[in-house]
Structures are given as C-alpha cells and as structure tokens.
Amino acid sequence: MKTAVITGITGQDGAYLTELLLDKGYEVFGTFRRTSSVNFWRLDELGVTRHPRLHLVEFDLTDLSTCMRLFERASPTEVYNLAAQSFVGVSFEQPVTTGEITGIGALNLLEAIRLFDRKIRFYQASTSEMFGKVQAIPQAEDTPFYPRSPYGVAKLYAHWMTINYRESYDIFGCTGILFNHESPLRGLEFVTRKITDSIAKIRLGKLDVLELGNMDAKRDWGFAQEYVQGMWKMLQVDRPDTYVLATNRTETVRDFVRMAATAADIQLDFRGEGVNEVGVDTATGKTIVRVNPRFHRPAEVDLLIGNPAKAREKLGWAPETTLEQLCQMMVTADLRRNEAGFSF
Ligand code: NDP
Ligand code: GDR
C-alpha cells in the first residue's frame with residue numbers, strides 16, 4: 001500500500017487530493033496548522049474527514065523539526081507540498097511571512113527528504129504566477145519567468161530548489177506549474193469564488209454590490225478536481241520533471257462576472273471605464289458591480305494562458321470541464337449555501 005503525505009489539506013487542492021488518494025487506496029497523512037479554530041469544512045463537504053485511512057497531523061511548514069517528525073511517523077512513499085501562503089494580494093502585505101512559508105517551507109521538506117529517505121517522491125506546487133509579466137503567449141515549461149509579487153518570487157525559489165535537489169541529490173522532485181484552478185471549494189478571498197458567492201448573495205437579496213479590483217486581468221481558469229489528478233500522475237511516471245497544467249483558454253475577470261451573473265439568471269451591462277466602471281442589472285437598472293481601488297495590486301499579472309501539451313503527451317492529462325460548466329457549478333453551490341444561511 002502506498003502512503004502519501006499531503007501538506008495543506010485544509011485548502012482547496014489538499015481536500016480534492018485527499019479524496020483522490022483515498023479513492024486509490026492510499027494511506028494519507030494530511031497536515032493542518034494548529035490554530036484557535038481549525039476548519040475542516042472542505043474535507044467535511046467531500047465526506048472524508050473521518051475516513052479510516054486519513055490521519056490528520058498537526059504541522060507547520062516553517063518548522064523543520066515538524067517535517068522530520070512527520071516523515072518518521074508516516075514513512076511516506078509520496079509527499080505533496082500544497083501548503084503555502086497562497087494569496088497573491090496578501091503577499092504584498094506580508095512578504096516576509098510569505099517567503100518563509102511559501103519559499104523556505106518547501107526547502108524544509110526537501111531537506112527532510114534528503115536526511116530521511118531520498119527515495120520519497122516529492123511534488124512541489126509551482127504556479128503560473130512565476131511567469132508574471134508576459135514573456136510569451138501561451139506560456140509553457142520553457143517560457144522565462146518574471147514573477148510580479150512576493151508570492152510569485154517565493155514560489156520561484158521553491159521551484160528552483162526542487163529542481164536543484166533533483167539534480168544534486170537525485171531526489172524524485174516534480175514541479176507542477178499549475179494555472180489558476182477553481183471549484184466550489186475555492187477560498188472566498190480568490191476572485192472567482194468571491195464573484196460566485198457575491199452573485200449568489202445579490203440574487204438572494206443578501207448583498208447590494210460586488211466590489212472588485214482589476215477587471216481587465218486575464219486568467220486561464222480550470223477545475224481543481226481535475227488538476228489534482230495531474231499532480232498524482234506526475235509522481236507515477238519514471239522520471240521527475242516539470243509540467244504545465246492549464247486549459248489553454250483565457251478570459252477577463254469581467255467575463256467571469258458576466259458568466260456568473262448569467263448562471264444566476266442576471267443579465268449584466270458594463271458601463272464606464274477604469275475606476276468608474278460599473279455593472280448594471282438590466283432588469284432592475286441597479287448597479288450591482290463596481291470597482292474599489294482597494295483591491296488593486298502594486299504590480300499585476302495581466303495575462304495568463306498556458307499550454308498543457310507536454311502534460312497531455314507525457315501524462316495523458318487533459319482538462320475536461322469548460323469554464324461555463326465550472327462557473328455554473330460554483331454559482332449553484334453558492335446559491336445552495338447562501339439559501340441554507342452559511343458560506344465558507
Ligand atoms: P489554499 O490557500 O486553499 O491552501 C493552502 C494550504 O496551506 C492551507 O491548508 C493552509 O492552512 C496551508 N498552510 C499555510 N501556511 C502553512 C504553514 N505555515 N504550515 C502548514 N500549512 C500551511 O491553496 P490551494 O489549495 O488553492 O493551492 C494549493 C497549493 O497550490 C498552494 O501551494 C498554492 O500556492 C498552489 N497553487 C494554487 C493554484 C490555484 O489556482 N489554486 C495554482 C497554482 C499553484 P490553513 O488552512 O491553516 O491556512
Ligand atoms: P491569482 O488569483 O492572483 O491569479 O492567484 P486571484 O483570484 O486572487 O486573482 C485573479 C485576478 O483577479 C484580479 N482581481 C481580484 N482578485 C481578488 N482576489 N479579489 C478581487 O476583488 C479582485 N478584483 C480583481 C486580481 O488582481 C488578479 O489579476 C491564484 C492563487 O490561487 C495563487 O496561489 C495561484 O498560484 C495562482 O492563482 C495561479
């Protein structure tokens with residue numbers, strides 16, 4: 001039986017990957033942080049929190065000794081490092097913490113592998129944010145990096161450290177450069193979920209206006225449940241490597257707002273420009289979307305679109321869910337949650 005360690009199981013990807021590996025028969029050691037109110041709502045939604053093969057382990061990525069003790073307890077064959085301070089906006093406010101968790105944290109795991117068992121297969125959650133300022137369209141594994149946030153820079157450090165440990169110590173270290181992936185389990189601070197939750201609230205009369213930052217930003221959005229399958233596939237092949245996972249389609253934030261509104265039976269008309277842009281409900285004439293410069297970032301990533309050809313060819317991985325289907329799924333979930341009186 002295979003044993004996996006997944007760091008960050010309270011997050012979106014951690015929850016889906018836990019579900020996937022349990023389905024495949026793995027023993028799973030999932031890590032969470034000790035906080036005053038630990039939240040397993042995602043694992044609860046997937047119905048896996050009390051699975052007999054899931055072991056919940058308190059852990060902090062910034063503490064090398066917890067990495068060592070985790071490995072001693074689990075003796076893993078595979079380690080998936082999904083833990084991170086993953087919110088780009090916050091990384092500008094907390095650059096040092098972001099560097100320590102998102103950058104050095106990955107190195108702690110690599111060091112623990114070097115000291116504990118070099119045969120462990122390691123997955124590092126790299127990101128399209130490393131491409132940052134547009135150098136090529138679409139972006140692929142050989143596109144130069146130009147990160148635009150402390151988060152992107154920290155992830156790039158972790159990315160190269162994984163490659164360095166692969167080359168220096170023959171560690172099976174894979175890096176998945178994943179483009180944005182969303183789901184009903186996405187955190188509320190990220191733009192897609194913020195939009196679907198707010199549109200649901202507006203539809204139900206619980207919110208008047210959705211405030212956003214840069215609506216011109218373009219992203220390549222896929223479905224998270226499919227992306228964790230790609231992570232797993234990367235650790236099943238003979239050689240460790242780097243792969244892009246993406247849909248090869250890009251849309252603006254504004255397009256996503258319109259799509260979410262349509263999914264909730266609201267027709268939106270966008271008027272004005274820049275900070276004066278608003279989205280008006282054509283049925284009522286009310287402004288339900290407006291810009292708040294508070295959500296603008298000091299430096300922005302304008303356009304992401306990935307080329308997943310290598311993953312398709314070498315791993316047999318391909319995205320299937322369309323953005324319309326994904327958006328509808330998220331709006332439906334948020335309508336249900338808000339009708340029931342809660343949304344995480
Ligand atoms: P989330 O923000 O939903 O989850 C991050 C997880 O990391 C949470 O479980 C969080 O725990 C945990 N964590 C944060 N700090 C620490 C720490 N110091 N020690 C241990 N655990 C910690 O992220 P996603 O699930 O969306 O993403 C998973 C990974 O993939 C992240 O590394 C992210 O940067 C990366 N990524 C994500 C993409 C996406 O579009 N979703 C795209 C590309 C990369 P807690 O609940 O306690 O905060
Ligand atoms: P991103 O995701 O920064 O791409 O990082 P996010 O959803 O936060 O932003 C996407 C784009 O939307 C613009 N935007 C807003 N963003 C947020 N969060 N809130 C707003 O109100 C808002 N208005 C406009 C942003 O400026 C940006 O251009 C995500 C994270 O999951 C990372 O961890 C991951 O590595 C990358 O995706 C790939």
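In listed order, ligands and their atoms are each counted from 1.
Residue contact check for ligand 1: Ile101 places a non-hydrogen atom closer than 4.0 Å to it. Note on ligand 1: Leu82 sits in its first shell, one or more heavy atoms being nearer than 4.0 Å.
We find that Lys218 and Asp255 are not joined by a salt bridge, their nearest charged nitrogen and carboxylate oxygen being 4.0 Å or further apart. Contact check on Asp197 versus Lys201 returns a salt bridge, with a Lys/Arg side-chain nitrogen under 4.0 Å from an Asp/Glu carboxylate oxygen. Between Lys2 and Glu78 there is a salt bridge, since a side-chain N of the basic residue sits under 4.0 Å from a carboxylate O of the acidic one. A salt bridge is absent between Glu339 and Arg336: the closest approach of a Lys/Arg side-chain nitrogen to an acidic carboxylate oxygen does not fall below 4.0 angstrom. A salt bridge links Asp269 with Arg271: at least one charged nitrogen is closer than 4.0 Å to a carboxylate oxygen. Using a 4.0 Å cut-off between charged nitrogen and carboxylate oxygen, Glu300 and Arg219 count as a salt-bridge pair. A salt bridge is absent between Glu27 and Arg73; no separation between the charged side-chain nitrogens and carboxylate oxygens falls under 4.0 Å. Between Glu277 and Arg254 a salt bridge is recorded (basic side-chain N to carboxylate O distance below 4.0 Å).
Annotation for ligand 1: atoms under 4.0 Å from non-hydrogen atoms of Asn180 are 40 (O). Below 4.0 Å from some heavy atom of Lys155 lie the following atoms of ligand 1, by number and element: 31 (C), 32 (O), 33 (C), 34 (O), 35 (C). The Arg186 neighbourhood of ligand 1 comprises atoms 26 (O), 39 (C), 40 (O), 41 (N), with distances under 4.0 Å to a heavy atom of that residue. Atoms of ligand 1 lying under 4.0 Å from at least one heavy atom of Ser126, given by number and element, are 43 (C), 44 (C). Which parts of ligand 1 touch Gln12 is read off a 4.0 Å heavy-atom cut-off, strictly below it: atoms 3 (O), 25 (O), 26 (O), 41 (N). Close approach of ligand 1 to Thr127 (heavy-atom distance below 4.0 Å) involves ligand atoms 43 (C), 44 (C).
Counting only non-hydrogen atoms, the option in Leu185, Asp220, Asp13, Thr10 that gets closest to atom 24 (P) of ligand 1 is Asp13. For atom 30 (O) of ligand 1, the nearest non-hydrogen atom from the set Ser91, Ala246, Cys67, Ala125 comes from Ala125. Scanning Ala84, Gly8, Ala154 for the heavy atom closest to atom 5 (C) of ligand 1 points to Ala84.
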Open item on the list: Please determine whether side-chain contact (heavy atoms from CB on, under 4.5 Å) holds for the pair Glu129 and Ser149, giving the CA-CA distance in whole Å, both sets of side-chain angles, and the decisive distance to 0.1 Å.
Closed with: CA-CA 8 Å; Glu129 283 294 299; Ser149 65; 4.2 Å; yes

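Using a 4.5 Å heavy-atom threshold, the side chains of Ile6 and Val28 count as touching.
Residue contacts with ligand 1: Leu61 is placed with a nitrogen or oxygen under 3.5 Å of a nitrogen or oxygen of the ligand (distance criterion only). Of the polar atoms of Ser86, at least one N or O is found under 3.5 Å from an N or O of ligand 1, judged by distance alone. At least one N or O atom of Arg33 sits closer than 3.5 Å to an N or O atom of ligand 1.
The nearest protein atom to atom 43 (C) of ligand 1, hydrogens excluded, is given as Leu178 O, 3.1 Å; this is a heavy-atom distance. The protein atom (non-hydrogen) at minimum distance from atom 4 (O) of ligand 1 is Gly11 CA, 3.4 Å. Scanning all protein heavy atoms for the shortest distance to atom 21 (N) of ligand 1 gives Ala83 CB, 3.4 Å. In this structure, atom 42 (C) of ligand 1 lies nearest to the protein heavy atom His181 CE1, 3.3 Å.
Neither the backbone nor the side chain of Ser128 comes within contact range of ligand 1; no heavy atom lies under 4.0 Å. With a 4.0 Å cut-off on non-hydrogen atoms, Glu129 does not touch ligand 1 at all. With a heavy-atom cut-off of 4.0 Å, Asp60 touches ligand 1 through backbone and side chain alike. The part of Tyr151 lying near ligand 1 is the side chain, judged by heavy-atom distances below 4.0 Å.
Hydrophobic clustering of Ile, Leu, Val, Met, Phe, Trp and Tyr side chains at less than 4.5 Å, counting indirect connections, unites Leu109 with Ile120. Residues Leu323 and Leu245 are members of one and the same hydrophobic cluster, defined by side-chain heavy-atom contacts under 4.5 angstrom among Ile, Leu, Val, Met, Phe, Trp and Tyr. Under the 4.5 Å side-chain heavy-atom criterion for Ile, Leu, Val, Met, Phe, Trp and Tyr, Trp221 and Ile305 are members of distinct hydrophobic clusters.
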May I have a table of the N/O to N/O pairs between ligand 2 and the protein that fall below 3.5 Å, each row giving the two atom names and the distance to 0.1 Å?
| residue | atom | partner | partner atom | Å |
| --- | --- | --- | --- | --- |
| ligand 2 | 3 (O) | Arg297 | NH1 | 2.6 |
| ligand 2 | 4 (O) | Asn180 | ND2 | 2.9 |
| ligand 2 | 4 (O) | Arg219 | NE | 2.9 |
| ligand 2 | 7 (O) | Val191 | N | 2.8 |
| ligand 2 | 8 (O) | Arg297 | NH2 | 2.8 |
| ligand 2 | 18 (N) | Glu189 | O | 2.9 |
| ligand 2 | 21 (O) | Lys194 | NZ | 2.7 |
| ligand 2 | 23 (N) | Gly213 | N | 2.8 |
| ligand 2 | 26 (O) | Glu300 | OE2 | 2.6 |
| ligand 2 | 28 (O) | Arg219 | NH2 | 3.0 |
| ligand 2 | 28 (O) | Glu300 | OE1 | 3.0 |
| ligand 2 | 28 (O) | Glu300 | OE2 | 3.0 |
| ligand 2 | 31 (O) | Arg186 | NH1 | 3.1 |
| ligand 2 | 31 (O) | Arg186 | NH2 | 2.9 |
| ligand 2 | 33 (O) | Ser86 | O | 2.6 |
| ligand 2 | 33 (O) | Tyr151 | OH | 2.8 |
| ligand 2 | 35 (O) | Thr127 | OG1 | 2.6 |
| ligand 2 | 35 (O) | Tyr151 | OH | 2.6 |
| ligand 2 | 37 (O) | Asn180 | ND2 | 3.1 |

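Relative ring orientation between Tyr80 and Tyr123 is described as tilted, the plane-to-plane angle lying within the 30° to 60° band. Phe179 and Phe131 have tilted rings, their planes meeting at an angle from 30° to 60° on a 0 to 90° scale.
A donor-acceptor pair under 3.5 Å is absent between the side-chain atoms of Lys314 and the main chain of Val237, judged by distance alone.
Heavy atoms of other residues, nucleotides or ligands lying less than 6.0 angstrom from CD of Glu72 number more than 12.
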